[in-house]
Amino acid sequence: GQNIDQPTEMTATEGAIVQINCTYQTSGFNGLFWYQQHAGEAPTFLSYNVLDGLEEKGRFSSFLSRSKGYSYLLLKELQMKDSASYLCAVRDEDYKLSFGAGTTVTVRA
Amino acid sequence: ETGVTQTPRHLVMGMTNKKSLKCEQHLGHNAMYWYKQSAKKPLELMFVYNFKEQTENNSVPSRFSPECPNSSHLFLHLHTLQPEDSALYLCASSQGTGSGANVLTFGAGSRLTVL
């Protein structure tokens, strides 16, 4: 099966920056996704990377290195509403999507 | 509101009961999915339907029975479940299942508790 690792929990202060790492080992690669899930709510799409490099979307950025099997999600200028679980998901050579267990980010005032 | 609606949001059932979960999407997508989400575990893909045809069954026990009458509706029929089946069941849809970004749009889930 596929192996996707991300930290279980992270805590940061409002206004700070947090970087959530994701490492993966999959059979082939056809894209990496990040989703945000607030407690009791649907996961929502944040970003998609298929080529190496940094994709920036406002306060959120996602980076991919295919040779290293590595991605990170960078959250800048943290706000209380950013407290949520962040899910890393990788699509393999058969276009099957596998998820990590998620990283719970807690933003403190 | 994501455009994917799941009902009921919460369900408590005994091991001998029969119940169903419903999912409806208003996005014009062609593919629909059932995922199981347990605490501290990765989302587990259960079933995939593409244009109403089941394209994937991820070795799910037969006590879970999916039904997809059209591209907008997906059901998960439940019978003789076990306590370990207690979890959040997420429905998702996407435009397709192959190449391209094919972003999944999720519903808020049905929280199932089996007593």
Side-chain angles (χ1 to χ4, degrees), chain A residues 1-10 20 22-51 55 57 60 62 64 71 84-106, chain B residues 1-11 21 23-27 29-48 50 55-59 87-113:
Chain A
Q2 319 298 7
N3 191 24
I4 299 168
D5 288 317
Q6 51 181 130
T8 304
E9 296 179 338
M10 300 183 76
I20 306 169
C22 173
T23 57
Y24 62 89
Q25 292 174 306
T26 57
S27 50
F29 177 82
N30 274 301
L32 185 144
F33 299 78
W34 285 96
Y35 285 84
Q36 179 191 58
Q37 185 178 21
H38 286 102
E41 297 183 15
T44 55
F45 170 74
L46 285 179
S47 68
Y48 170 67
N49 295 69
V50 67
L51 299 175
E55 295 279 343
K57 269 188 186 181
F60 292 5
S62 57
L64 174 67
S71 171
S85 181
Y86 292 85
L87 311 177
C88 174
V90 179
R91 199 162 57 186
D92 68 14
E93 60 190 1
D94 297 321
Y95 294 96
K96 291 189 177 179
L97 192 65
S98 296
F99 283 83
T103 299
T104 299
V105 172
T106 302
Chain B
E1 180 59 55
T2 64
V4 180
T5 303
Q6 291 188 241
T7 55
R9 292 294 311 276
H10 299 274
L11 178 63
L21 306 181
C23 177
E24 183 174 359
Q25 57 99 357
H26 307 278
L27 302 168
H29 287 166
N30 300 313
M32 295 188 78
Y33 309 74
W34 280 117
Y35 280 89
K36 176 182 178 182
Q37 187 174 36
S38 303
K40 307 297 183 185
K41 290 185 178 179
L43 265 68
E44 297 174 48
L45 179 64
M46 300 175 73
F47 302 103
V48 182
N50 199 17
T55 57
E56 189 156 348
N57 176 338
N58 209 22
S59 302
L88 182 68
Y89 289 85
L90 290 166
C91 174
S93 69
S94 67
Q95 186 57 47
T97 59
S99 59
N102 263 334
V103 173
L104 294 178
T105 302
F106 286 90
S110 293
R111 172 71 62 187
L112 173 66
T113 303

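Order of the sequence lines sets the chain letters (A, B, ...), proteins ahead of strands, with each chain counted from 1. Quick note: numbers below take in every heavy atom, side chains included, and nothing from hydrogens, waters or symmetry partners.
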Could you state the interatomic distance from [atom1] ([X]) to [atom2] ([Y]), rounded to the nearest 0.5 Å?
X	Y	atom1	atom2	result
A/Glu41	B/Thr2	CD	OG1	10.5 Å
B/Leu43	A/Tyr35	CG	OH	10.0 Å
A/Phe99	B/Gln37	CZ	CD	9.0 Å

Quick check on A/Lys96: does its NZ atom have over 12 non-hydrogen neighbours (other residues, nucleotides or ligands) under 6.0 Å away? no
For chain A, the option from B/Gln6, B/Glu56, B/Arg9 that forms the most heavy-atom pairs under 4.5 Å: B/Glu56
Contacting moiety of A/Leu87, where chain B heavy atoms sit under 4.5 Å: side chain
Under 4.5 Å to a heavy atom of chain B? For A/Gln6 that would be neither
Which pair of non-hydrogen atoms, one from [X] and one from [Y], has the smallest distance, and what is that distance?
X	Y	answer
A/Pro43	B/Gly107	CD-O, 4.1 Å
B/Thr97	A/Tyr95	O-CB, 3.9 Å
B/Tyr35	A/Leu97	OH-CD2, 4.2 Å

Using non-hydrogen atoms only, which part of B/Lys41 is less than 4.5 Å away from chain A: side chain, backbone, both, or neither? backbone
Would you say the side chain of A/Gln37 lies within less than 4.5 Å of the side chain of B/Leu88, judging by non-hydrogen atoms? yes
Please tell me if the side chains of B/Asn102 and A/Arg91 come closer than 4.5 Å, counting only heavy atoms from C-beta onward. yes
For this output row, return yes or no: ring centroids of A/Phe45 and B/Phe106 closer than 6.0 angstrom. no
